[in-house]
Amino acid sequence: MEKKRVEKKRVEKKLESEHQKVAKADETDWAAAKAHYENLKSKKPRPPKPKNAVTIAVSSRTLFDMVKERKIFEEEGLEKYVEYQQEHENEPLQPGSAFPFVRALMTVNERLRTLYPDSEELFDIVLMTNNHAQVGVRLMNSINHYDLTIERFCMTGGQSPIGYLKAYMTNLYLSKDTKKVQEAIEEGIAAAIMYMPDMSMELSQTQLRVAFDGDAVLFSDESEIIVKQHGLDTFFEHEKQHENLPLAQGPLKCFLEALGKLQKKIYAKNERLDCPIRTFLVTARSAASSGARVLKTLRSWGLEIDEALFLAGAPKGPLLQKIRPHIFFDDQMFHIEGAKEMGTISAHVPYGIGQKYNKGKLIEQPEKQQK
Amino acid sequence: MKALLSKSLRGKEVTAHSRSSAVHAVNQRLVSHNSSESLGFEVILIANECSEETKVKIVESVKHYGMEICKFYFCKKDEVIKTLQSNNVKLFLSTDSDDIYKALHAVMKLKLTYDISTGVVCLHVLLSLDVPAAVLYDQNGVLDQLKVTFSGDIIGLSEDSLDSLADFGFSESQIKTFKSAKICIKEFAVLIGEIRRRFGHENSPLCTCLITAWGSRNVCLSALKILGEWGLDVDEAFCMAGAPCSPILAVVKPHILWDGGLHNLRDLPNFEL
């Protein structure tokens, strides 16, 4: 028994020292990267240290328009798809739904770098795709063409990228694949499915504008459940009674928090009126009966939102058209459809009870197949 | 192609089971595609001089685990390199730092790390000029797919960039080591590329990865292109730009990791953070 304990202690000590060596190796990598970027002839900015940065992972199909290529993959198979991409590797791809959002993130980074030249608290964009590295050549050439500051890549060659999201310390993951986004949300990572709008809209070049739905996006779906199962009147009563009880947090609360942290840095430099980040709450709640709880919850979290719009059930599309956000997060597909039709880049958050309903009616779910 | 597995000095057996199985899986698939296939992995076990009892124990263990080992060599430490050369070995894997360090005539760096959370033991070994470096992973990874990983930094950096590393604290001999590492990995990469081409993109028993730890995306891009020119189409690519590599390696779980000696420099200067 004693021998085993002694042996265990020896192994533990060895493990600890090896762990320290790994940490040292990581620090060395970081220092070498810093040195490498400073040495580059171009004025390319150095990517921030991941643990201090707000990391946004985008998939290849959200960053670029790959509809044609996707069709080849679905109709002719993987080999033909990779061949096609290799043949066209010097042709840059067209921008996708997340492209304006990424550009806006780069603009914010530039402002933050002027205000805080040595800070690592910036946006970091990672390309996270399960494409093969050979397709990656075309993706990287396209990134070079548009001169995007994306230095970190993860091309998993067919494996699911979910395992890598945590390894890259991702704060937000954008993809076109429902399954991957759902898996990410289950792992506790903010994620959404991007949709290209039906018509294009001119967006701000100097300010990042992000719009969020309230229930089941920033907050949990607890109130949503009451509406769906017991109706609006019960919902109003419930909200009034629990006005001072903060709602539980939803999948995108942490992302709003990250945006808020960067906003505070800008306010600290007296630039509040010219802040390059603006956040919006666009909710179907009404201000009088159920709005107070929302605002009080945000206050209890120490979070600020720049503009809160209570629609009391009115359609969101026209209002979003006026706001012109670079991205709009909502959990319900019919709001996403409405926003899309009127030109807003929308991102569906597949979380909560809203997934089982369409326009207030329960969707007939097929029997789950036993594998 | 011959890969040499070495047994550590202290008599602890390297659990090469998963690696050997993965190699075996590659060989089986190659032959199933083409019965007159000339390419394939041949695994040789090399161990230090030991008693007859230990020799028998080793052979029995190998049989017990069903490892496909063609030859066994028990020799003195000084003879290791002669054995490598006489067998035309293309890849030498080992967990014994001293053994390898003394055995090679080129500058050698070594590090042993154990990642607690994933139970991975890796040894980075640099063999310059003769045989390419490799990392040995002892893990419960996928047994039917051999994962080989290369460093994008060494392959992707041009001659000028490698030279300019001198400004950042790397010594002359270290830079020379990187340059020669790049040359010596070529032969191995070409062979791996040939084997990889025998399989399609899906369900391949051999998977190749490229990890660029601190180079920019253009370094990663040029590494992909250079490997492509050498005939190796990489499956997975990761560009870290300074972000920590260890979480990624924990997910990738390569059987063999070649980093050109980057992480094993004994006299690595302390960068200012």
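Chain naming here is simple, since letters A, B, ... match the order of the sequence lines and numbering starts at 1 in each.
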**Q** Checking heavy atoms, do the side chain of B/I248, its backbone, both or neither come under 4.5 Å from chain A?
**A**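 Answer is both: backbone and side chain atoms of B/I248 are under 4.5 Å from chain A.
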**Q** Enumerate by number any residue of residues 162-181 of chain A whose heavy atoms lie under 4.5 Å from heavy atoms of chain B; in the absence of such residues, state 'none'.
**A**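 Counting heavy atoms that sit under 4.5 Å from chain B, the residues of residues 162-181 of chain A involved are A/G163, A/Y164, A/A167, A/Y168, A/M169.
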**Q** Nearest 0.5 Å, what's the CD-SG distance between A/Q159 and B/C209?
**A**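 One gets 8.5 Å once the value is rounded to the nearest 0.5 Å.
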**Q** Look up atom CD in A/E89 and atom CG in B/L224, then write down how far apart they are to the nearest 0.5 Å.
**A**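 Interatomic distance, A/E89 CD to B/L224 CG, rounded to 0.5 Å: 10.0 Å.
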**Q** At a heavy-atom separation under 4.5 Å, does A/V82 approach chain B through its side chain, its backbone, both, or neither?
**A**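 Contact with chain B involves the side chain of A/V82 alone.
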**Q** Between atom CG of B/D235 and atom CG of A/N131, what is the distance when rounded to the nearest 0.5 Å?
**A**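 Going from CG on B/D235 over to CG on A/N131, the span is 12.0 Å.
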**Q** Which region of A/I143, side chain (C-beta onward) or backbone (N, CA, C, O), has a non-hydrogen atom less than 4.5 Å from a non-hydrogen atom of chain B, or is it both or neither?
**A**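 Interface part for A/I143: both.
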**Q** Any sub-3.5 Å donor-acceptor pair from A/E151's side-chain atoms to B/M240's backbone N or O?
**A**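 Checked: no pair found.
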**Q** A/N144 versus B/L221: any side-chain heavy-atom pair under 4.5 Å?
**A**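 In contact.
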**Q** Checking A/R152 side chain against B/C239 main chain: does a donor-acceptor pair fall under 3.5 Å?
**A**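 Checked: no pair found.
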**Q** For A/E83, what residues pass the salt bridge (Lys or Arg N to Asp or Glu O under 4.0 Å) criterion, not counting sequence neighbours?
**A**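 With sequence neighbours excluded, A/E83 shows a salt bridge (Lys or Arg N to Asp or Glu O under 4.0 Å) to no residue whatsoever.
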**Q** Give a yes or no answer on whether the side chain of B/R217 reaches the backbone of A/M140 with a donor-acceptor pair at less than 3.5 Å.
**A**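 Not confirmed, B/R217 side chain does not pair with A/M140 backbone.
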**Q** Show the numbers, then the answer: is there a side chain to side chain contact (heavy atoms under 4.5 Å, CB included) between A/Q86 and B/D233?
**A** CA-CA 11 Å; A/Q86 282 177 306; B/D233 279 346; 4.0 Å; yes
